[in-house]
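Notes follow once the structure below has been shown.
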Amino acid sequence: KGNNLPIGWTLEKVSDLGDVVTGTTPTKARKEYYDSKDYPFFKPTDLNEGYYVKKSEDGLSKKGIEKARLLPAKSILVTCIGATIGKTGLIRVSGAFNQQINAIVPKKDVVPEFVYFICISPQFQKSIVDNASATTLPILNKGKFKILTMPMPPLREQQKIIEEIESRLSVTEEIEEALDINLKRAE
């Protein structure tokens with residue numbers, strides 16, 4: 001099967017798009033790591049917001065963050081173990097994350113939002129599952145995650161695609177709001 005990519009697009013490994021980092025969990029035995037929520041600490045359940053991940057159930061203190069891996073905002077978090085393997089979030093704030101997650105910290109010439117949408121695409125989700133260990137607890141280790149591939153257009157095209165998606169998302173949100181208002185009126 002040939003490469004059916006549009007002209008100018010390339011097939012890139014995840015590791016070519018930025019740094020790939022696996023999360024860690026500071027020991028729960030040290031209460032002072034968790035006694036304040038100075039930094040969000042993301043787990044797979046915190047990725048439910050998908051494109052707009054801002055909050056986490058757990059947080060880390062300033063001492064706790066020293067024992068974790070702090071990511072910049074606009075990193076892409078992909079769950080790589082268990083029943084929710086493939087669950088993905090784009091964090092909008094800086095934070096740390098647990099070892100069930102591999103993160104992509106995109107390079108300057110890569111649009112984070114574009115990488116997020118490729119990560120949630122059926123093709124990429126299938127490649128996550130297909131490359132995970134075939135055990136009762138599916139695991140996609142960092143080494144295998146780094147070499148998964150995704151189609152990448154030139155930077156300007158990435159930006160245009162995201163502008164188009166975001167304009168459609170805002171129209172969808174407006175329709176949902178109008179629907180909510182009208183449902184309340186109908187009640």
For [Y], is there any backbone N or O sitting under 3.5 Å from a side-chain donor or acceptor partner on [X]?
X    : Y    : result
S56  : F42  : no
T79  : G86  : no
D46  : K43  : yes
S133 : I139 : yes
N48  : T45  : yes
K67  : P26  : no
Q158 : V111 : yes

Take E166 and E113 through the test side chain to side chain contact (heavy atoms under 4.5 Å, CB included) and record every step on the way to the result. CA-CA 10 Å; E166 289 189 336; E113 294 85 349; 4.3 Å; yes
Search all heavy atoms of [X] against all heavy atoms of [Y] and return the closest pair with its distance.
X    : Y    : result
S170 : S167 : OG-O, 2.9 Å
L155 : D109 : CD1-O, 3.5 Å
D35  : S61  : OD1-CB, 3.5 Å
I65  : A96  : CD1-CB, 3.6 Å
G95  : I91  : N-CD1, 4.4 Å
S75  : P106 : CA-CD, 4.3 Å

Are [X] and [Y] joined in one hydrophobic group, where the rule is that I, L, V, M, F, W and Y side chains link up if heavy atoms are under 4.5 Å apart?
X    : Y    : value
V115 : V21  : no
Y33  : F41  : yes
L70  : I76  : no
I85  : Y116 : yes
V78  : I147 : no

For the atom pair [atom1] ([X]) and [atom2] ([Y]), what is the distance rounded to the nearest 0.5 Å?
X    : Y    : atom1 : atom2 : value
I120 : L47  : CD1   : CG    : 12.0 Å
K62  : D38  : NZ    : CG    : 3.5 Å
Q123 : T149 : CD    : OG1   : 11.0 Å
L148 : N131 : CG    : CG    : 5.0 Å
L179 : L183 : CG    : CG    : 4.5 Å

More than 12 heavy atoms from other groups under 6.0 Å of [atom1] on [X]:
X    : atom1 : result
K160 : NZ    : no
E32  : CD    : yes
K142 : NZ    : yes
K144 : NZ    : yes

Just grab all the salt bridge (Lys or Arg N to Asp or Glu O under 4.0 Å) pairs involving residues 12-28, residues at least two apart or on different chains.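 For residues 12-28: K28-D58.
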For the residue pair [X] and [Y], establish whether any side-chain heavy-atom pair is separated by less than 4.5 Å.
X    : Y    : result
I118 : P151 : yes
F97  : P40  : no
I81  : L140 : no
I101 : P44  : yes
M152 : L17  : yes

Does this structure show an ion pair linking [X] with [Y], if we count only N-O contacts that are shorter than 4.0 Å?
X    : Y    : result
E49  : R92  : no
D130 : K126 : yes
E164 : R168 : yes

Would you please classify the geometry between the F124 ring and the F145 ring as parallel, tilted or perpendicular, with 30° and 60° separating the classes? perpendicular
Assign the ring pair Y51 / F117 to parallel, tilted or perpendicular, where the plane angle (0 to 90°) is split at 30° and 60°.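 Geometry flag for F117 against Y51: tilted rings.
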For the pair L90 and Y52, evaluate side chain to side chain contact (heavy atoms under 4.5 Å, CB included) and give the outcome as yes or no after the intermediate values. CA-CA 6 Å; L90 178 65; Y52 295 104; over 6 Å; no
Just checking, is any N or O donor in the side chain of T25 or Q99 under 3.5 Å from an acceptor N or O on the other one?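 Q99 and T25 do have a side-chain donor-acceptor pair below 3.5 Å.
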Whether the T22 and N102 side chains hold a donor-acceptor pair (N or O, under 3.5 Å, no angle test) is what I'd like checked. yes
Test log, rule side chain to side chain contact (heavy atoms under 4.5 Å, CB included), inputs I104 and C119: CA-CA 10 Å; I104 305 167; C119 284; 4.1 Å; yes
Show your reasoning for whether side chain to side chain contact (heavy atoms under 4.5 Å, CB included) applies to T172 and E176. CA-CA 6 Å; T172 305; E176 284 176 0; 4.0 Å; yes
